[in-house]
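Working notes, beginning with the structure itself.
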Protein chains: 2
Amino acid sequence: MGRRSGSKGASTAEAVQAAARRLIAARGFAAVSMREIAAEVGVQAGTIYLYIPDKQTLLHALMREHMCALLEAWEAESALGAGEGASDALERFVRFHVGYHISRPEEVFIAYMELRNLSETNFAEIEGLRGCYEAALRAILERGMAEGCFRLPDLRLTTRAIIAMLTGVTTWYRAGGRLSAVEVADHYADLVRRMTHAATP
Amino acid sequence: MGRRSGSKGASTAEAVQAAARRLIAARGFAAVSMREIAAEVGVQAGTIYLYIPDKQTLLHALMREHMCALLEAWEAESALGAGEGASDALERFVRFHVGYHISRPEEVFIAYMELRNLSETNFAEIEGLRGCYEAALRAILERGMAEGCFRLPDLRLTTRAIIAMLTGVTTWYRAGGRLSAVEVADHYADLVRRMTHAATP
DNA sequence: AGAGTAAATGACCGGATGTTCAGTTGAAAG
DNA sequence: CTTTCAACTGAACATCCGGTCATTTACTCT
């Protein structure tokens, strides 16, 4: 046997990433073997190594691409609200975060659960990207305190509290469930507003 | 070789659990081998099977004991505040949850990260215990709405939002860091109060 | 001192793991 | 039609895995 009919290198490379994303999100990096990923693609195990050097690099690539896409998406969303006050910026962030995380449950799951399976160097890079994202929210909160519309017990703690609260949506939200994605975002925005604002309207 | 001097069965059984807890919390269930756990105890791999039937049972026992201890600790704490209003009960819950989770980072990490490595039956049991704990907070929020002191966008969503926000403390809190455990609990209590109360005082 | 037993060893089983690579195949280029 | 080459196979490698078990050792009881 050798090359199969209709096979293309570029699409196989993408299929490997997609299969890895699906399987790792469902069962965990350490519990998924390269042979399982290959089988999901419909290819032999050796083929995977034509597109990635090793398993660790595969995980790192998945997480890196997710974090970069998240940061780019937020920059684009943030640009839409240029010039708006901290209060509106915060609501924009909440709706963006909830919406984005709901729409990419696999990537989010991997990014939050597989950090400890990264090598030291790779971990440092992903952690850095996560820090950038956190800094974006922190900047909004900082601005709100300067503007006088927010009152927070502690800036860093509140930043992390909000992100943890919002990201938690991925553990229970299911499309077609009791609440729509918009309703969910509405509710979280409401909670965050009351948690941060100096005076409740 | 055979039995080593000074060895006792009961203490070895506990040492196996402790070693498993440490290693699984640090590197994940699937990434830790029975041989590594045995080495951490200072014993050969076969010895572990004198105390547990298999690896799955070991994970289940760790999670079960953690969840039962958590529920019992909350029942004891809750009894201390018998008769108090929903507002005080909520603050008591927040302080308890933060304090308990800070003091047992390994168990918490395992309970939240290794759910997917449980067999179907074991998962159902642990998920049931988690549901009990969630129900305890939900009952407080429900009571507060009946009393008129809380105003929430959605009961179930708010319950999960609060738990996710509070549990997030385990990802960043370190003893001896910038904030003391009491300060951290103070801040979270403040955030939750403003998030839930009908009017901010 | 001798018997009995609890505690632990260490070799072993079948199978899975990440990774490599010489060889095979299909399709495009001349 | 022949050459060329990217794409893929399938077997092999060394190592590790969870789990079993006959055997050995240390302690206790009589």
Side-chain angles (χ1 to χ4, degrees), chain A residues 1-21 23-24 26-63 110 114 116-122, chain B residues 1-21 23-24 26-63 110 114 116-122:
Chain A
M1 284 291 164
R3 179 179 188 174
R4 291 306 165 91
S5 70
S7 65
K8 288 179 203 164
S11 66
T12 302
E14 283 169 30
V16 167
Q17 282 232 2
R21 183 162 48 233
L23 288 170
I24 294 174
R27 310 221 314 278
F29 176 73
V32 172
S33 74
M34 298 302 264
R35 280 169 179 81
E36 286 174 307
I37 295 171
E40 180 95 348
V41 177
V43 106
Q44 292 295 318
T47 302
I48 292 185
Y49 291 89
L50 297 174
Y51 305 103
I52 47 148
D54 51 43
K55 202 187 178 191
Q56 168 70 211
T57 306
L58 176 57
L59 176 62
H60 178 232
L62 283 176
M63 295 180 71
I110 293 173
E114 307 296 352
R116 61 179 160 193
N117 287 114
L118 289 171
S119 71
E120 214 168 328
T121 315
N122 290 342
Chain B
M1 286 290 168
R3 178 180 188 170
R4 292 306 166 90
S5 71
S7 64
K8 287 178 200 165
S11 65
T12 302
E14 283 170 29
V16 168
Q17 283 231 2
R21 184 163 47 235
L23 287 171
I24 294 174
R27 310 220 315 276
F29 177 73
V32 171
S33 74
M34 298 302 266
R35 281 168 178 82
E36 286 174 305
I37 295 172
E40 180 95 349
V41 177
V43 107
Q44 292 296 316
T47 304
I48 291 184
Y49 291 91
L50 297 173
Y51 305 101
I52 47 146
D54 52 42
K55 201 186 179 192
Q56 169 69 211
T57 305
L58 176 58
L59 176 62
H60 179 232
L62 283 176
M63 296 181 71
I110 293 173
E114 306 296 352
R116 61 177 161 195
N117 288 114
L118 289 170
S119 70
E120 214 168 329
T121 314
N122 290 342

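Labels below follow one simple rule: chain letters A, B, ... track the order of the sequence lines, proteins then strands, and each chain is numbered from 1.
- What you find for B:F29 and B:I24 is that their closest heavy atoms are N-CG2, 3.7 Å.
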For a quick test of your reading: what N or O donor-acceptor pairs under 3.5 Å do the side chains of residues 30-39 of chain B make, sequence neighbours left out?
residue, atom, partner, partner atom, Å
B:S33, OG, B:R35, N, 3.4
B:S33, OG, B:E36, N, 3.2
B:E36, OE1, B:R27, NH2, 3.1
B:E36, OE1, B:S33, N, 2.9
B:E36, OE2, B:R27, NH2, 2.6

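- Between the CG atom of B:L50 and the C1' atom of C:dA6 there is a distance of 10 Å, rounded to whole Å.
- B:T47 contributes atom OG1, which lies 6.5 Å from atom CD of B:Q44 (distance to the nearest 0.5 angstrom).
- For the pair A:E40 (side chain) and A:A19 (backbone), a donor-acceptor distance under 3.5 Å is absent.
- Considering only heavy atoms from C-beta on, A:I110 comes within 4.5 Å of A:L59 through its side chain.
- OP1 or OP2 of C:dG10 lies within a sub-4.0 Å distance of a side-chain N or O belonging to B:Q44.
- The CZ-C1' distance, from A:R35 to D:dC8, rounds to 16 Å in whole Å.
- Distance A:Y51 OH to D:dT9 C1': 12 Å, rounded to the nearest Å.
- The residue B:S33 sits close only to the backbone: its heavy atoms come under 4.0 Å of sugar-phosphate atoms, none of a base.
- The B:V43 side chain lies nearest to C:dA8 when the options are D:dC8, D:dC17, C:dA8.
- Annotation: the span from A:L50 atom CG to A:T12 atom OG1 amounts to 9.0 Å, rounded to 0.5 Å.
- Here the side chain of A:E36 is nearest to one of C:dG10, C:dA8, C:dT17, namely C:dT17.
- Distances shown here put a side-chain N or O of A:Y49 below 4.0 Å from the OP1 or OP2 atom of C:dT19.
- In this model, the phosphate group of C:dA8 is approached by a side-chain N or O of B:T12 to a distance below 4.0 Å at OP1 or OP2.
- In this structure, B:I48 places its CD1 atom 14 Å from C1' of C:dG10, rounding to the nearest Å.
- Tested against B:H60, the residues B:L118, B:D54, B:I52 include a single side chain to side chain contact (heavy atoms under 4.5 Å, CB included) partner, B:L118.
- Residues of residues 55-63 of chain A that place a heavy atom closer than 4.0 Å to DNA chain C, in numerical order, are A:K55.
- A:V32 comes within 4.0 angstrom of sugar-phosphate atoms only, judged by non-hydrogen atoms across all strands, and of no base.
- Looking at which nucleotide of DNA chain D each of A:T47 and B:G46 is closest to, the 5′-most match is held by A:T47.
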